[in-house]
There are 2 protein chains.
Amino acid sequence: MVTVTRKQRERLEREAKILDLARGMLHEVGYLGLSMDRIASQMEYSKGTIYQHFQNKEEIILALANEALEKRLEMFESASTWSGATCSRDRIAAIGAAAEKFVEQYPHHFAVEQIVRSASIWEKTSEERRQFMQVCEGRCMQIVGGIARDGLAHGDLELPAERSAEDVVFGLWSLNFGAYTIVTSSESLEENGIRDPIAALRHNQNLMLDGYNWRPLYGDRDYDAVMDRVKREVFGNE
Amino acid sequence: MVTVTRKQRERLEREAKILDLARGMLHEVGYLGLSMDRIASQMEYSKGTIYQHFQNKEEIILALANEALEKRLEMFESASTWSGATCSRDRIAAIGAAAEKFVEQYPHHFAVEQIVRSASIWEKTSEERRQFMQVCEGRCMQIVGGIARDGLAHGDLELPAERSAEDVVFGLWSLNFGAYTIVTSSESLEENGIRDPIAALRHNQNLMLDGYNWRPLYGDRDYDAVMDRVKREVFGNE
DNA sequence: TCTATTATTGACGTTTCGTCATTTTTTGAC
DNA sequence: GTCAAAAAATGACGAAACGTCAATAATAGA
């Protein structure tokens, strides 16, 4: 029915608008400054209406986190199917580029993810949205893990008996997540001699992959150039 | 004067008690559940008295974070001067053991650090405590950086022209901080095949250091055993 | 013992959350 | 076009929390 469709569309549009407002507010005044009253007044709706979309404040935060993880998953998928890759490790480099671009292009998405990981907002939120987070997280891991398993299958990579593809995934995830968290939250990097953390991250990541003996090694291929290409060709760096 | 000393001592004791209560509360009911009224009522003091110790709620959180970073700094210092080290890389392993022990023994300390890094509580807090955080952070980095510079001086480690000891520090920090953050905040590690993340972290860290060609390499020395020894000998693992 | 200083209190104003009875709008049958 | 039923929107309200401050109590020292 036409009317139902229009209603639903309006509902979705309004929901998107609430989230847009919330995202901006979160960015400007932080987690604590985010207020339902202010969202309501900035929208042209009353508070009660906002509460028809989201049970509570935490649900809004989690909805923002859902958008964030969804976006990253999408970017990981684009990166993993990049046609320019000539080897499995190129595809890992492409994922690295996606992670880099994600933080650059959507810093608020990354910030929300951090908030959700540290503040305990889980109790009050819906099972549905919590599950969505896990699905996105799991699929991102599957993408990276899949590339590692491809590498194993093609002989680009071997692992000692007690290590699995998942350990590689965990290593890359830790290193990247940790680095971006520190970069966005520490004020004293510069004065402690860390002038170009992103370049350092790329380097450290490649050293770790070299440690896994994932060929071609860093010395034999310019993965920095590969990452820059991916950022340009897949994500349209200006 | 005797009286002043007693007063001051009482004041410090009460401050410690406030922080103890706050820590427990933070752990039980999370950042949002932490309430000044509840702290006041659980202490046998009124709210006004609490506010004579801490300007606001954020100051309490930051004071907890200060304790956390101070504790870690102390553990890093103990680890870095461990007498059992036979080479510079042993000392790095010792730091790794300290980081591991820190999260194990004081999980609430680590949780507070994460909160402080993500929630924007900085604006309302005192310059003094903010600075203390940076000092601790900087000194931890200096300890690790110092070991790297020792390694360079002794020829255990060489770096390419465009890399510095600080990049090694940043790599270790990222990898560790990221790993512990993920471990304490992700619910789906197990079902995604990451069964022993701490073992994986140790492995990944060693691979990265191998990538830097920090000798003796992982294959030539059992750094896992070194870390276990440090945890036993320095931090008294039961 | 008495006054001056210091410490403590808790009621208060404000803000925000989340609810719900009331009002407004929309829908669809006639 | 009319009207009753359903759906949507409203904002006043109670509860809870923050941070303040005038009033009160405790203490120190003359």
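We use all heavy atoms of the structure for the numbers below, so side chains are in, but hydrogens, waters and symmetry mates are not. Remember, it's a predicted structure, so these values are computed and weren't measured experimentally.
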Item checked: Residues touching DNA chain C, which here means a heavy atom under 4.0 Å, drawn from residues 111-125 of chain A -> K124(A)
Notebook entry, point to check: Among all residues two or more places apart in sequence or in another chain, which pass the side chain to side chain contact (heavy atoms under 4.5 Å, CB included) test with E28(B)?
Noted result: none
Checklist line | Angle of first-five versus last-five pair axes in the helix from dT1(C)-dA30(D) to dC30(C)-dG1(D), to 10 degrees | finding: 10°
Check: Given atom CD of E15(A) and atom C1' of dA9(D), what is their separation to the nearest angstrom?
Finding: 16 Å
Item checked: Ion pair check, R23(A) and D20(A), cut-off under 4.0 Å -> yes
Check: Between L34(B) (CG) and dA16(D) (P), how many Å, whole number?
Finding: 17 Å
Show the distances under 3.5 angstrom between N or O atoms of the protein and N or O atoms of nucleotides 6-9 of chain C.
from	atom 1	to	atom 2	distance (Å)
dT8(C)	OP1	R14(B)	NH1	2.8
dT8(C)	OP2	R14(B)	NH2	3.2
dT9(C)	OP2	S46(B)	N	2.8
dT9(C)	OP2	S46(B)	OG	3.3
dT9(C)	OP2	T49(B)	OG1	3.0

Note to self: Output the rounded distance in Å from CG (D37(A)) to C1' (dT14(C)).
What the structure shows: 12 Å
Next item on the list: Kindly say if S35(B) contacts the phosphate of dA16(D), meaning a side-chain N or O under 4.0 Å from OP1 or OP2.
Entry: no
Check: Under the side chain to side chain donor-acceptor pair (under 3.5 Å) rule, what pairs show up with a residue in residues 55-65 of chain B, not counting sequence neighbours?
Finding: E59(B)-S126(B), E59(B)-R129(B)
Notebook entry, point to check: Between E166(B) and R149(B), is the closest basic N to carboxylate O distance under 4.0 Å?
Noted result: yes
Item checked: Whole-Å gap separating P (dT16(C)) and CG (L32(B)) -> 15 Å
Note to self: How many whole angstroms separate atom CZ of R38(B) from atom C1' of dC18(D)?
What the structure shows: 13 Å
Note to self: Within the 4.0 Å heavy-atom criterion, would you say N56(A) contacts the bases, only the backbone, or no part of the nucleic acid?
What the structure shows: sugar-phosphate
Item checked: Side chain T184(A), main chain Y180(A), donor-acceptor under 3.5 Å -> yes
Margin query: Quick one: does any side-chain atom of R130(A) pair with a main-chain N or O of T125(A) as donor and acceptor, under 3.5 Å?
Written below: yes
Margin query: Under a 3.5 Å threshold, yes or no: a donor from one side chain and an acceptor from the other, between S188(A) and Q134(B)?
Written below: no
Note to self: In whole Å, I'd like the distance from the NZ atom of K57(B) to the C1' atom of dC18(D).
What the structure shows: 8 Å
Item checked: Residue pairs fulfilling side chain to side chain donor-acceptor pair (under 3.5 Å) with at least one residue in residues 169-179 of chain A, sequence neighbours excluded -> N176(A)-Q205(A)
Checklist line | Euclidean distance, atom CD1 of residue I50(B) to atom P of dA17(D) [Å, nearest integer] | finding: 15 Å
Notebook entry, point to check: For G33(A), does its backbone N or O pair with a side-chain atom of R38(A) as donor and acceptor, under 3.5 Å?
Noted result: yes
Next item on the list: Determine yes or no for a side-chain-to-main-chain donor-acceptor pair under 3.5 angstrom, with N206(B) supplying the side chain and H203(B) the backbone.
Entry: no
Check: For the pair made of CD1 in I18(A) and C1' in dA9(D), what is the distance, rounded to whole Å?
Finding: 13 Å
Next item on the list: For residues F177(B) and F110(B), establish whether the separation of their ring centroids is below 6.0 Å.
Entry: yes
